[in-house]
Amino acid sequence: MRTTPANDLRVTKTLEAIDATFRSMMLEGGIGSITVKALCERARINKKTFYRYYETLDDLMAEVMATYAAAWRWRTSHLHMPEDLAPITREFFLFNAEQDELFEAITCDPRWDVAQRQLQDDASGEHAEHVPDGWTAERWHVFYAYQSAAVLAMYRAWVADGKAIPVEQMADLAADLVCRGAEALT
């Protein structure tokens, strides 16, 4: 992880330029299309500057993903599966709708499925592994797979339809559908 001098405006501006350029380039072609040289040219920094903060592009990608995951964990830290299934489902829609274009691409574009799964694991992987009291591991894994896949599929459909349903209504609809389906497993 990188360390930066506190309150150094030059460092802040450099890191913001790296981040903004990286996000833009990710949207244009994905991580496989980015080189450190090209990123540095567009961000108007030299390669030494990039390497002062990141060892590799993968480290930069990990930092971007960790930022999203940390925001999600903070937002839902008071919620617990399976008892808070409806609020977690609602928050998924509300949180996702507030994120940037890169987050939406990672979440909705099937070409980003590997990154999306990694983000999901980083954000809430403990839920998949932690079997709640009263559940068998097998039933819990089915429940967790259902909840994860159903919410993601509904979010992707909502985005593909141009977000025609207002987000609050969609969050309520998704929570209702997921909870009704989950009743079969509880």
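The shown structure was predicted, so the numbers you read here are calculated from the model rather than taken from an experiment. Nothing fancy with the numbering, it's 1 onward along the sequence.
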Rounded to the nearest 0.5 Å, what separation is found between the [atom1] atom of [X] and the [atom2] atom of [Y]?
X      : Y      : atom1 : atom2 : answer
Tyr51  : Cys40  : OH    : SG    : 7.0 Å
Glu101 : Glu104 : CD    : CD    : 7.5 Å
Thr21  : Arg44  : OG1   : CZ    : 9.5 Å
Met25  : Leu102 : CE    : CG    : 13.0 Å
Met170 : Thr89  : CE    : OG1   : 10.5 Å

My understanding is that only one of Leu85, Asp172, Val151, Leu79 makes a side-chain contact (heavy atoms from CB on, under 4.5 Å) with Arg90; could you say which?
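Only one of Leu85, Asp172, Val151, Leu79 forms a side-chain contact (heavy atoms from CB on, under 4.5 Å) with Arg90, namely Asp172.
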Yes or no on side chain to side chain contact (heavy atoms under 4.5 Å, CB included) for Ile106 and Met65, after CA distance, side-chain angles and deciding distance?
CA-CA 10 Å; Ile106 292 169; Met65 299 292 273; 3.8 Å; yes
Return the minimal non-hydrogen interatomic distance between [X] and [Y], and the atom names on each side.
X      : Y      : result
Ala182 : Phe143 : CB-CE1, 3.5 Å
Ala105 : Leu27  : CB-CD2, 3.8 Å
Leu60  : Ile18  : CD2-CG2, 3.7 Å
Thr107 : Arg156 : O-NE, 2.8 Å

Under the criterion side chain to side chain contact (heavy atoms under 4.5 Å, CB included), I'd like the reasoning laid out for Val131 against Tyr144: C-alpha separation, chi angles, the key distance, then a yes or no.
CA-CA 10 Å; Val131 179; Tyr144 186 81; over 6 Å; no
Check the surroundings of atom CD in Glu55: do more than 12 heavy atoms from other residues, nucleotides or ligands lie under 6.0 Å from it?
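Count not over threshold, so no.
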Got a sec: does the CD of Gln99 have more than 12 other heavy atoms crowding it under 6.0 Å?
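Counting neighbours around CD of Gln99, more than 12 heavy atoms of other residues, nucleotides or ligands fall under 6.0 Å, so yes.
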Might you work through the side chain to side chain contact (heavy atoms under 4.5 Å, CB included) test for Thr76 and Phe95, ending with a clear yes or no?
CA-CA 10 Å; Thr76 60; Phe95 175 83; over 6 Å; no
Assess, by modelled atom type and distance only, whether the side chains of Ser24 and Arg42 contain a donor and an acceptor separated by less than 3.5 Å.
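There is such a pair (donor and acceptor under 3.5 Å, judged by atom type) between the side chains of Ser24 and Arg42.
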Within the distance-only criterion (no hydrogens, no angle test), does the side chain of [X] pair as donor or acceptor with the backbone N or O of [Y] below 3.5 angstrom?
X      : Y      : value
Trp140 : Pro132 : no
Asn96  : Phe93  : no
Asp161 : Ala164 : no
Thr49  : Ile45  : no

Side chain proximity check, [X] to [Y], heavy atoms < 4.5 angstrom:
X      : Y      : answer
Leu15  : Tyr54  : yes
Tyr68  : Asp100 : yes
Val178 : Met154 : yes
Leu94  : Arg75  : yes
Met81  : His130 : no
Val11  : Tyr53  : yes
Val36  : Leu39  : no
Lys163 : Val159 : yes

Is any side-chain N of the basic residue among Arg23 and Glu28 closer than 4.0 Å to the acidic one's carboxylate O?
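The answer is no: the pair does not qualify as a salt bridge.
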How would you list, by chain and number, every residue that makes a side chain to side chain donor-acceptor pair (under 3.5 Å) with Lys47, sequence neighbours excluded?
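Counting only residues at least two positions away or on another chain, Lys47 forms no side chain to side chain donor-acceptor pair (under 3.5 Å).
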